[in-house]
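Atoms within each ligand, like the ligands themselves, are counted from 1 in listed order. We number each residue from 1, following the sequence as shown.
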Amino acid sequence: MELPFAENYRIKMVEPIYRSTRSEREKWIHEAHYNLFNLKSSQVYIDLLTDSGTGAMSDRQWGAIMTGDESYAGSSSFFNLKEKVQDLFGFEYLLPVHQGRAAENVLFSVLVKEGDVVPGNSHFDTTKGHIEFRKAKAIDCTIDEAFDTECEYLFKGNIDIRKLKLVFDKYPKEQIPLIVVTLTCNSSGGQPVSMANLRQVSKLAKEYNIPVVYDSARFAENAWFIQQREQGYRDKSIKEIVREMYSYADGMTMSSKKDGIVNMGGLLAMSHAEWYEKASVFNIMYEGFVTYGGMAGRDMNALATGLDEVTESEYLETRINQVHYLGQQLIDYGIPVQRPLGGHAVFVDAKKFLKHVPKEEYIAQTLAVELYLEAGVRGVEVGTLLADRDPETHLNRYPKLEFLRLAVPRRTYTNNHMDVVAAGLKNIFDRRNRIKHGFKIEHEAPIMRHFTVELKKY
Ligand SMILES: *Cc1c(COP(=O)(O)O)cnc(C)c1O
C-alpha cells in the first residue's frame, strides 16, 4: 500500500494548552465584548487567529539565536541576513525593521504623498492603513474571479491587467508612486499570483515607468503554488522560482512573522540606491540604525535561517498539506469555503454559511464567536469590521465577501487539532438555520477598528 503523507519534522519541546468548558467560554467572550482579540491566550484552546509570529522555530533557528551578534553597527548577523536576502531575492539593499507594517511605513514615507493612488491586489489592512493615513488611495485591481468563492481559478491573487491599465490611464504618472503586489493575497484567501501575471504587471509597469513592490509576507507559499500549478515550473526549485518572481520587482516589504518563520521581525529590500538612501533616514528615525532596524542580532540570524528553511519543498509540502487537510474536511462536510484552498488559512464563506444574519450585524464575526463558544477555537473575521468605514462618508464599507479566516500557525498544531476545528464548525453548520442575529457596535476606533472594537449581542 502507498505510504501516507506525514510531517517532515518531529517535536522536541511541547507547550500544554487548556481545554475550557463552554460555560467558561461564554463568560470570557462576554467579558471580551465579543471581540476575539480581547481574549487572553489562556482562554483559547486552538488558536487560529493568525499565522503571524505564531509558528515554531526549528532547532537550527534556535542554534542561530545563540550565535547572534549584538553589535550596534555592522553586526555579522546583519550581513548574514543581507547575504540571504541578496541570494534569494536579488536585492542589493536591505533595511531590517521590527515587522511588516514598519517596512510599509518607512517605504511609503519615501514614496507616497497626499492625493496619490496605489493600485494592487486587495491590499493588506496595514498596507491600506499606511496609504490612507497619508491621504492617498489604495485601488484594488484583483481579478473578478477572486470574489466568487466557488470559482476554482488557480491564481485568484492575480492582478487584472485591464483594471491596472485603467488606473494608469486615468491618473498622471506623478500620482502613482508604486504598485503593490501581495504574495500570496491574504485578503482574498491566501490566493497565489501566477508567474505569468507577475511578468505582465512588470511589463505594463515598465511601459508607464511605475515601480513594482511586492508585499512578501507569504512569498514562499506563493512560489510553491507556482511550482505545483503553473505550467513549466514543476521541475524548478522553490529558490529558482523565488528568484524569477523577484526579478520582476523593484523592491519588497516583508513581515518575516509569516514565511520568515520567526516570531517578530520584518525587512525592506530594494534595488534602487536612491530609495535606499532616502529610506535609511526614515529607518533610523522610526526603527533603528540601518544594520539592525527593529531587530536584535540573534533575531536576524534566526530569520536568515528561516528564509532558508521556508524555501525548501519538504517544508512547504508539509505546511500546505496541513492547511488543505483542514480545508478538505470542511469541503467534505459541505461547508462553503474559498476555493481552491489557499496557502496559510482556510477561509469560510460566512455569508453562505449564515444566511439569516443581516450584513449590518457582522456575519463573519458572528460565526467567529460561535466557533469559539463551540470548540474554544479562535479564528478571525475578515469582513465588515476589518473593512472599516469609508474615510470620506464614514459609512460602513461592506466588502464583497465575509470570511471567517482560520489561519494555521507554522509547525505548531497537529492534524488532530485540525480535526477538532472541523468538528466544531460542522456542529455549527448543522444548526446554522437557528442563528438569526449577530452584533452591534458599542465602541470603535477611528482606524483599524477590528483590533479594539467592542460589540453587543443584537
Ligand atoms: C502581516 C502582513 C503585513 C503586516 O505585517 P506585520 O508584521 O503584521 O506588521 C503586511 N502584509 C501582509 C500581506 C501581511 O500578511
Heavy-atom distance under 4.5 Å between the side chains of Asn301 and Thr67, does that happen here? yes
Do Glu381 and His450 get their side chains close enough for a donor-acceptor pair, meaning under 3.5 Å? no
Report the C-alpha separation of Lys258 and Arg410 in whole Å, then their side-chain angles, then the decisive distance to 0.1 Å, and conclude whether the side-chain contact (heavy atoms from CB on, under 4.5 Å) test is met. CA-CA 8 Å; Lys258 286 86 168 202; Arg410 293 167 182 77; 3.5 Å; yes
So which residues, sorted by chain and number, lie with a heavy atom under 4.0 Å of ligand 1? Gln99, Gly100, Arg101, Glu104, Phe124, Thr126, Thr182, Asn186, Asp215, Ala217, Arg218, Ser255, Lys257, Lys258
Taking ring pair (Phe, Tyr, Trp, His ring centres under 6.0 Å) as the cut-off, I'd like each qualifying pair that reaches into residues 290-327, sequence neighbours left out, listed once. Tyr72-Tyr292
Side-chain donor-acceptor distances from residues 84-95 under 3.5 Å, at least two apart:
from, atom 1, to, atom 2, distance (Å)
Lys84, NZ, Asp308, OD1, 3.0

With Lys400 via side-chain hydrogen bond (donor to acceptor under 3.5 Å, both in side chains) - residues at least two apart: none
